[in-house]
Amino acid sequence: GAVVSQHPSWVICKSGTSVKIECRSLDFQATTMFWYRQFPKQSLMLMATSNEGSKATYEQGVEKDKFLINHASLTLSTLTVTSAHPEDSSFYICSARDPDRGHEQFFGPGTRLTVL
Amino acid sequence: GIQVEQSPPDLILQEGANSTLRCNFSDSVNNLQWFHQNPWGQLINLFYIPSGTKQNGRLSATTVATERYSLLYISSSQTTDSGVYFCAVRYNQGGKLIFGQGTELSVKP
């Protein structure tokens with residue numbers, strides 16, 4: 001149980017285009033989901049907290065207009081990287097909290113974004 | 001804010017050896033999790049352990065919340081144990097999970 005899926009697993013896009021990443025909790029309902037970014041050889045950096053039915057809460061320094069988050073249902077959150085540039089290339093990981101398991105967090109497999 | 005420090009930053013082991021990874025945190029927490037990030041980037045939940053001791057096969061973990069540290073024990077290490085081990089803590093029920101910098105483990109055959 002407690003599986004989180006992410007799609008796509010990798011994407012290559014041209015500079016200036018937008019990319020959408022989906023995160024789903026497959027066997028539990030997640031009122032709260034999280035989006036992280038990870039650079040090579042570094043730890044995970046929280047970008048934003050996504051709450052179902054309300055606006056996301058962004059961490060300091062994360063551009064809301066560049067990283068659009070939508071949490072439309074209890075099992076789906078999406079991250080859209082708008083007008084992507086090479087510096088947005090990174091590994092993006094989503095996470096969901098299972099309220100029935102003491103709020104333990106589970107992580108998706110990640111999406112590797114490369115912007116050319 | 002809460003600081004999470006992991007040690008050692010890197011560790012090289014011979015297959016079959018045992019190891020202990022440490023996580024220190026700077027404030028009272030109500031959640032602590034250990035993860036293993038495999039070479040493909042997937043974070044695998046190892047333990048959800050805000051306090052006490054748990055064991056799962058060759059792995060075990062102990063959190064002493066009053067002294068603000070947690071230990072992850074790996075016994076009889078295997079090459080598949082290689083990867084980065086992260087400790088992450090949360091200090092209140094609705095708060096965010098704060099990650100340490102990780103310990104990169106390499107197990108040689």
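Everything numeric here is computed off the predicted structure, so don't read it as measured data. Chain identifiers are assigned alphabetically (A, B, ...) following the order of the sequence lines, protein sequences preceding nucleic acid strands; residue numbering begins at 1 within each chain.
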Verify the neighbour count for atom [atom1] of [X]: are there more than 12 heavy atoms of other residues, nucleotides or ligands below 6.0 Å?
X: A:K55; atom1: NZ; value: no
X: A:D65; atom1: CG; value: no
X: A:E59; atom1: CD; value: yes
X: A:H85; atom1: NE2; value: yes

>> Using the rule given for side-chain contact (heavy atoms from CB on, under 4.5 Å), can you reason through A:L44 versus B:L43, listing the C-alpha separation, both sets of side-chain angles and the distance that settles it, and then say yes or no?
In response: CA-CA 10 Å; A:L44 279 73; B:L43 268 85; 4.2 Å; yes

Nearest heavy-atom approach of A:S43 to B:G100 is OG-O, 2.7 Å

(Q) Could you walk me through whether B:Q37 and A:Q38 satisfy the side chain to side chain donor-acceptor pair (under 3.5 Å) test, starting with their C-alpha distance in whole Å, then the side-chain angles of each, then the deciding distance to 0.1 Å, before giving a yes or no? (A) CA-CA 12 Å; B:Q37 187 169 37; A:Q38 186 180 32; 2.8 Å; yes

- Task: Start with the C-alpha gap between A:R97 and B:R90, add the side-chain angles, then the distance that decides, and say whether side-chain contact (heavy atoms from CB on, under 4.5 Å) holds.
- Result: CA-CA 12 Å; A:R97 187 180 288 172; B:R90 187 168 67 238; 3.4 Å; yes

Do B:V84 and A:Y92 share a hydrophobic cluster, counting only Ile, Leu, Val, Met, Phe, Trp and Tyr and linking them when any side-chain heavy atoms are less than 4.5 Å apart?
no

Notebook entry, point to check: Is it the case that one hydrophobic cluster holds both B:F25 and B:Y85, taking links as side-chain heavy atoms less than 4.5 Å apart, direct or via other members?
Noted result: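 Yes: a chain of side-chain contacts under 4.5 Å links B:F25 to B:Y85.
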
Does A:Q105 offer a backbone N or O that forms a donor-acceptor pair with the side chain of B:N45 under 3.5 Å?
yes

Checklist entry - Are any side-chain N or O atoms of A:E104 and backbone N or O atoms of B:F47, one a donor and one an acceptor, separated by less than 3.5 Å? => result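 No, because the side chain of A:E104 does not come within donor-acceptor range (under 3.5 Å) of the backbone of B:F47.
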
_So for A:L46, is it side chain, backbone, both, or neither that comes closer than 4.5 Å to the heavy atoms of chain B?_
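Contact with chain B is through the side chain of A:L46 alone.
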
So, taking the atom named CZ in A:F106 and the one named OH in B:Y48, what distance separates them when rounded to the nearest 0.5 Å?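 It comes to 9.5 Å.
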
**Item:** Distance (rounded to the nearest 0.5 Å) between B:Q101 CD and A:Q42 CD
**Value:**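 The distance works out to 7.5 Å.
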
The ring-ring contact (aromatic ring centres under 6.0 Å, His included) partner of A:Y36 among B:F99, B:F86, B:F35 is B:F99

For B:R58, the side chain to side chain donor-acceptor pair (under 3.5 Å) test, sequence neighbours excluded, returns B:D81

